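Below is one structure, written out as structure tokens; the observations come after it.
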Amino acid sequence: MDKIGDVSRRAALSAPAAMLLAAGASACAAEDQQVMGAKSNMLVGYFTRSGNTRVIAEQLQRDLRADIFEIQPANAYPADYEQTVEQARLERDRGFEPPLKARVANIAGYDTVFLGFPIWGETAPPPIRSFLRTHDLAGKTVRPFITHGGYGPGDSLSVLRAHAPGAQILAPFVMEADQERRTMTQVRQWLASSPPA
Ligand SMILES: Cc1cc2nc3c(=O)[nH]c(=O)nc-3n(C[C@H](O)[C@H](O)[C@H](O)COP(=O)(O)O)c2cc1C
């Protein structure tokens, strides 16, 4: 899909209609991307919205001298938190796997894949299902690292098992991290309690 056409069409649509349009764009092909400086047999693949998962991913990259790849949907999620929650809920309920911006071209060269993501709607975010669907991890070791806002990893591990047949999935690293919603609430309370400028 032509990106400019997509943006202009979206601007003319209501938010729910734009979501359905995005949901219908699954045929969009991802480009294969050679991971920059590929040299390790370990890959750190991660998806993030607000950056918590990236902190862990980059630490793994540095400490293990691993290669790193950010999993990104071809159509970015909305900047608005509530709109993203709603879109994620629709995509989860429909089992939608959004097309990715890029794929790892040389996935066969990795023995171990560290796979990081935040919990969305008590499960793995849709782009993680897309990543697993479009990369063959059979015979590889998968080491999940998961951040959540206080409600735990949900059913994300069974999603990984179902979407990565033949992979050996090791026990995950699971960590509670900041939630955008909590930050938004605190900022709004601060603004409400302070006198107008
Ligand atoms: C769309 C959306 C849905 C979320 N759903 C959950 C949830 O079901 N349970 C939970 O504990 N946290 C949930 N969170 C909070 C994130 O999992 C948590 O803040 C995570 O650390 C964010 O990681 P990131 O900064 O890498 O994006 C949700 C966040 C978003 C944006």
Side-chain angles (χ1 to χ4, degrees), residues 10 14-23 25-26 35 42-64 66-102 104 113-133 135 142-163 169 171-190:
R10 269 196 200 208
S14 65
M19 273 180 225
L20 291 176
L21 175 66
S26 58
V35 173
M42 284 183 275
L43 177 72
V44 179
Y46 71 99
F47 172 72
T48 187
R49 170 181 159 84
S50 53
N52 297 338
T53 310
R54 177 179 293 119
V55 174
I56 303 170
E58 291 183 346
Q59 184 185 346
L60 293 171
Q61 176 198 22
R62 282 192 302 274
D63 286 10
L64 301 171
D67 294 335
I68 193 161
F69 175 78
E70 181 172 358
I71 299 164
Q72 293 175 289
N75 298 300
Y77 285 95
D80 182 86
Y81 175 84
E82 297 298 348
Q83 283 179 17
T84 298
V85 169
E86 178 59 9
Q87 184 173 329
R89 189 184 63 76
L90 286 176
E91 291 182 356
R92 179 200 63 192
D93 291 352
R94 298 162 57 163
F96 177 63
E97 293 171 3
L100 299 182
K101 198 167 171 180
V104 180
V113 176
F114 287 80
L115 184 61
F117 53 88
I119 294 299
W120 277 14
E122 295 173 15
T123 189
I128 291 298
R129 285 188 275 108
S130 306
F131 178 82
L132 294 173
R133 182 79 67 193
H135 294 79
V142 174
R143 303 200 62 182
F145 56 102
I146 300 170
T147 70
H148 63 88
Y151 301 95
D155 75 354
S156 58
L157 287 172
S158 40
V159 168
L160 299 195
R161 281 192 286 270
H163 282 71
I169 299 172
F173 172 72
V174 180
M175 198 185 113
E176 181 175 345
D178 274 351
Q179 225 191 98
E180 260 179 278
R181 188 188 296 284
R182 200 166 3 191
T183 304
M184 284 163 52
T185 303
Q186 290 186 17
V187 171
R188 285 185 182 135
Q189 285 169 350
W190 169 56

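Each ligand, and each atom within it, is numbered from 1 in the order the structure gives. Small disclaimer: the values here were computed from a predicted structure and weren't measured. Side chains are part of it too, since the values below use all heavy atoms of this structure and drop only hydrogens, waters and symmetry mates. Position 1 is the first residue of the sequence; numbering continues from there.
- Salt-bridge formation is detected for the pair E70/R54: a Lys NZ or Arg NE/NH1/NH2 atom is positioned less than 4.0 Å from an Asp or Glu carboxylate oxygen.
- Listed by chain and number, the residues in a ring pair (Phe, Tyr, Trp, His ring centres under 6.0 Å) with H135 are F131 (sequence neighbours excluded).
- Residues lining ligand 1 at a heavy-atom distance below 4.0 Å are given as T48, R49, S50, G51, N52, T53, Y81, V85, P118, I119, W120, G121, E122, T147, H148, G149, G150, Y151, A177, D178, Q179, ordered by chain and residue number.
- Under the ring pair (Phe, Tyr, Trp, His ring centres under 6.0 Å) criterion, F117 pairs with no residue at all, not counting sequence neighbours.
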Quiz item: Which is it for R92 and E122 under the salt bridge (charged side-chain N to carboxylate O under 4.0 Å, His left out) test, yes or no, and what are the steps along the way?
Solution: CA-CA 10 Å; R92 179 200 63 192; E122 295 173 15; over 6 Å; no
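- Relative orientation of the F114 and F145 rings is tilted, given thresholds of 30° and 60° on the angle between their planes.
- Considering only residues two or more places apart in sequence or on other chains, H163 meets the side-chain contact (heavy atoms from CB on, under 4.5 Å) condition with E97, R129, L132, R133, V159.
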